[in-house]
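Below is one structure, written out as structure tokens, with a few remarks after it.
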There are 2 protein chains.
Amino acid sequence: MPLRLYSWLANVDGMSTEPFGVLADPARRRILDLLRERPRLAGELTAAVGLSQPGTSKHLRVLREAGLVTVRPEAQRRWYELRPEPLAEIDAWLTPYRWMWAGRFDALERHLDAMEDE
Amino acid sequence: MPLRLYSWLANVDGMSTEPFGVLADPARRRILDLLRERPRLAGELTAAVGLSQPGTSKHLRVLREAGLVTVRPEAQRRWYELRPEPLAEIDAWLTPYRWMWAGRFDALERHLDAMEDE
DNA sequence: CCTGAATATGCCCTTGCGGTTATATAGCTG
DNA sequence: CAGCTATATAACCGCAAGGGCATATTCAGG
């Protein structure tokens with residue numbers, strides 16, 4: 001039985017893991033930031049994040065399954081490319097909050113001011 | 001020794017927990033969404049998220065320590081109020097990505113199109 | 001005071017995550 | 001084919017996160 005490894009294309013439809021959880025890890029944010037500039041090899045990313053090769057590979061898997069990166073094989077190398085679409089979900093969640101912190105009279109300030117009055 | 005409980009004001013300077021991790025939990029996002037409309041009592045929030053009272057209370061603690069909510073005691077009640085400022089950090093991280101998913105020729109599409117050509 | 005209401009903490013348990021090392025797979029290259 | 005390179009998986013581990021229940025604290029009201 002041929003035991004298909006390298007089954008990335010399995011969840012192309014993806015959206016499995018939700019993007020908020022994926023971004024919770026700083027290493028994964030780091031990887032995305034690096035890919036923002038240009039596609040990179042898995043090896044480059046491993047060196048950049050400062051984790052072991054398998055450790056980095058697992059983060060890459062999470063990013064793939066969340067649809068945040070795509071992979072292009074080239075011989076034994078793997079070119080990872082950014083796919084920012086899922087970030088739109090976070091952006092959408094953030095939207096109704098965005099006007100709020102623009103120079104408003106902060107709730108915490110109000111709170112502390114109120115305390116001084118006592 | 002007076003063993004000060006209710007030590008919320010301890011980390012007013014806060015920023016301890018980072019906002020990405022805090023938002024990773026759907027219950028906490030739910031709470032923030034509810035507080036977007038108006039301040040609410042802890043009890044209201046408990047009912048809304050559908051967790052046990054202590055469970056909700058723990059999420060509220062995390063939100064407090066991240067500076068995402070403030071509390072105003074009123075007798076035994078606690079009014080929780082949204083404090084969106086820490087979300088600015090997420091917004092800032094997202095900013096350099098935001099232009100990318102606006103009607104671009106998606107990397108995944110490119111990838112699949114390329115596969116068809118074979 | 002005593003009781004009940006509202007909420008926070010302590011404790012326990014289970015699960016999942018992130019990390020590491022060892023191993024498997026795939027594809028060059030001699 | 002043998003060996004080397006690049007990368008993914010497997011197996012394992014420690015720890016923190018999230019959930020529940022029991023308990024403590026604070027306060028209002030009879």
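A, B, ... follow the sequence lines: proteins, then strands. Residue 1 opens every chain. These values consider heavy atoms only, across backbone and side chains, with no hydrogens, waters or symmetry-generated copies.
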Residues 51-60 of chain A side chain polar contacts: donor-acceptor under 3.5 Å, at least two apart:
from     : atom 1 : to       : atom 2 : distance (Å)
Ser52(A) : OG     : Gly55(A) : N      : 3.1
Thr56(A) : OG1    : Ser52(A) : O      : 3.0
His59(A) : ND1    : Arg28(A) : NH1    : 3.2

Tyr80(A) and Arg72(A): side chain donor to acceptor below 3.5 Å: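 Result is no, nothing qualifies.
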Glu85(A) versus Trp101(B), side-chain donor and acceptor atoms under 3.5 Å: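 No, no side-chain donor-acceptor pair sits under 3.5 Å.
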Which value, rounded to the nearest 0.5 Å, describes the distance between [X] atom [atom1] and [Y] atom [atom2]?
X        : Y        : atom1 : atom2 : value
Trp93(A) : Phe20(A) : CH2   : CZ    : 6.0 Å
Leu68(A) : Tyr97(B) : CG    : OH    : 9.0 Å
Arg29(B) : Leu34(B) : CZ    : CG    : 13.0 Å
Leu87(A) : Leu32(A) : CG    : CG    : 6.5 Å
Leu45(A) : Leu35(A) : CG    : CG    : 5.5 Å
Thr46(A) : Leu41(A) : OG1   : CG    : 10.0 Å

Reading 5' to 3' through nucleotides 11-16 of chain C, protein heavy-atom contacts under 4.0 Å coded B for base, S for sugar-phosphate only, - for none: B-----
N or O in side chain of Tyr80(B) less than 4.0 angstrom from dA6(C) OP1/OP2: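 No, Tyr80(B) has no side-chain N/O under 4.0 Å of OP1/OP2 on dA6(C).
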Close residues, residues 26-39 of chain A, relative to DNA chain C [heavy-atom separation under 4.0 Å]: Arg28(A)
Proximity to DNA chain C (any heavy atom under 4.0 Å), residues of residues 44-52 of chain B only: none
Contacts of type side chain to side chain donor-acceptor pair (under 3.5 Å), residue Arg30(A), not counting sequence neighbours: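 Partners of Arg30(A) by the side chain to side chain donor-acceptor pair (under 3.5 Å) criterion come out as none, since no residue qualifies.
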In one Ile/Leu/Val/Met/Phe/Trp/Tyr side-chain cluster, 4.5 Å: Val49(B), Val69(B):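 Same hydrophobic cluster.
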Side chain of [X]: nearest nucleotide among [options]?
X        : options                  : value
Arg61(B) : dT9(D), dT9(C), dG18(C)  : dT9(C)
Arg64(B) : dG19(D), dT9(C), dA8(D)  : dT9(C)
His59(B) : dG19(D), dG18(C), dA8(C) : dG19(D)
Arg77(A) : dA8(D), dG18(D), dA6(D)  : dA6(D)

Between [N] atom [atom2] and [X] atom [atom1], what is the distance in whole Å?
X        : N       : atom1 : atom2 : result
Leu23(A) : dC17(C) : CG    : P     : 15 Å
Glu65(A) : dA8(D)  : CD    : C1'   : 12 Å
Asp25(B) : dC17(C) : CG    : P     : 13 Å
Trp79(A) : dA8(D)  : CH2   : P     : 14 Å

Donor/acceptor link under 3.5 angstrom from Gln53(B) side chain onto base of dA6(C): no
Enumerate the protein-to-nucleotides 27-30 of chain C contacts in which both atoms are nitrogen or oxygen and the separation is below 3.5 Å.
from    : atom 1 : to       : atom 2 : distance (Å)
dG27(C) : N3     : Gln76(A) : NE2    : 3.4
dC28(C) : O4'    : Gln76(A) : NE2    : 3.3

Note: Glu44(B)-Arg77(B) ion pair, threshold 4.0 Å (strictly below):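 A salt bridge is absent here (no side-chain N lies under 4.0 Å from a carboxylate O).
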N-O pairing of Glu74(B) and Arg78(B) below 4.0 Å: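 No salt bridge links Glu74(B) with Arg78(B).
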Where Pro86(A) and Ala66(A) come nearest, the two heavy atoms and their spacing: CG-O, 3.5 Å
Sugar-phosphate only, base, or nothing, as touched by Gly43(A) at under 4.0 Å among non-hydrogen atoms: sugar-phosphate
